[in-house]
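As the structure is a computational prediction, the values presented were derived from the model and not from experiment.
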Amino acid sequence: KYFLLIWTNIILKKLKTFIKRNYFVIFAIFSGIPIFFLPGSYWDAATLEYGFVKENLSGIEIWYREAGSYFQLVLINLIFLLDKFTFLSHNFLFDLLTVLALILFCYEIKRYAKIVFEFDNYFGNLCAIFIISFPVWHTLVAFNLGLYLICFYLALLGYRLLISKKLLISLIGIIVILLSFSIKSNFSFI
């Protein structure tokens with residue numbers, strides 16, 4: 001009991017420090033909450049909804065394979081498995097993944113603000129808040145646009161890892177960048 005209390009205090013202190021340094025996360029969570037209440041997945045929604053309801057992703061798999069979007073197909077299969085083995089709906093799981101990707105994307109913007117522009121923590125958080133308050137995020141309820149955000153985040157993360165001085169981190173960065181190529185426009189971005 002005492003051991004659990006000590007670990008709880010340590011985790012709470014670390015969480016408090018993280019939130020103090022990255023207060024944009026609170027803003028991002030509250031900005032992302034409306035995604036859960038918007039009707040979702042209207043772009044290619046009929047195929048996706050049909051596959052999830054019938055518990056047969058064969059039509060979806062054909063479409064994503066022909067498009068060369070293998071990483072996105074892996075994410076769809078992961079959501080399908082979680083939907084099948086938990087009480088959570090696939091729409092909720094996708095919204096949760098989308099909000100998490102949005103928070104990570106903003107965090108990556110903050111990191112770039114510090115690395116490229118040498119901003120301090122305050123201005124880095126301000127950059128992340130400007131990104132999270134950009135008025136286009138309501139479109140993330142469309143399944144494919146949420147996947148695009150995830151891939152764009154992977155491109156930013158991969159590049160940051162690639163420029164690391166450690167060889168293993170750089171190799172991981174290359175792999176993450178390759179995963180981001182599920183979105184063809186990332187070829188020109190990188």
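Asn91 and Ser89 share no donor-acceptor pair across their side chains, judged by distance under 3.5 Å alone.
Interatomic distance, CG of Leu157 versus CZ of Phe105, reported as 12.0 Å (0.5 Å rounding).
Here Thr8 pairs with Leu4, Leu12 under the side-chain contact (heavy atoms from CB on, under 4.5 Å) rule; sequence neighbours left out. With sequence neighbours excluded, the residues that form a ring-ring contact (aromatic ring centres under 6.0 Å, His included) with Phe52 are Phe80, His90. Remark: Leu179 pairs with Phe71, Leu154 by the side-chain contact (heavy atoms from CB on, under 4.5 Å) rule, at least two apart or across chains. Residues meeting the side-chain hydrogen bond (donor to acceptor under 3.5 Å, both in side chains) test with Asn77, sequence neighbours left out: none. Considering only residues two or more places apart in sequence or on other chains, Asn125 meets the side-chain hydrogen bond (donor to acceptor under 3.5 Å, both in side chains) condition with Lys110. Qualifying ring-ring contact (aromatic ring centres under 6.0 Å, His included) partners for Phe117, counting only residues two or more places apart in sequence or in other chains: Phe119. With sequence neighbours excluded, the residues that form a side-chain contact (heavy atoms from CB on, under 4.5 Å) with Leu178 are Ile174, Phe181. In this structure, the side-chain contact (heavy atoms from CB on, under 4.5 Å) partners of Lys166, at least two apart in sequence or on a different chain, are Ser164, Ile169.
At least one side-chain heavy atom of Leu147 sits less than 4.5 Å from a side-chain heavy atom of Tyr64. Looking at Leu156 and Ile109, their side chains come closer than 4.5 Å, going by heavy atoms from C-beta outward.
Contacts classified as salt bridge (Lys or Arg N to Asp or Glu O under 4.0 Å) and involving residues 111-130 (residues at least two apart or in different chains) are not found. Screening residues 149-163 for salt bridge (Lys or Arg N to Asp or Glu O under 4.0 Å) gives Glu108-Arg160 as the qualifying pairs, with residues at least two apart or on separate chains. Among residue pairs with one or both ends in residues 61-81, none qualify as salt bridge (Lys or Arg N to Asp or Glu O under 4.0 Å); sequence neighbours excluded.
Under the 4.5 angstrom side-chain criterion for Ile, Leu, Val, Met, Phe, Trp and Tyr, the cluster partners of Phe85 are Leu81.
In terms of heavy-atom proximity, Ile60 sits nearest to Gly51 at CD1-CA, 4.0 Å.
Follow the hydrophobic side-chain contacts under 4.5 Å out from Tyr70 and you never reach Val176; the two are in separate clusters.
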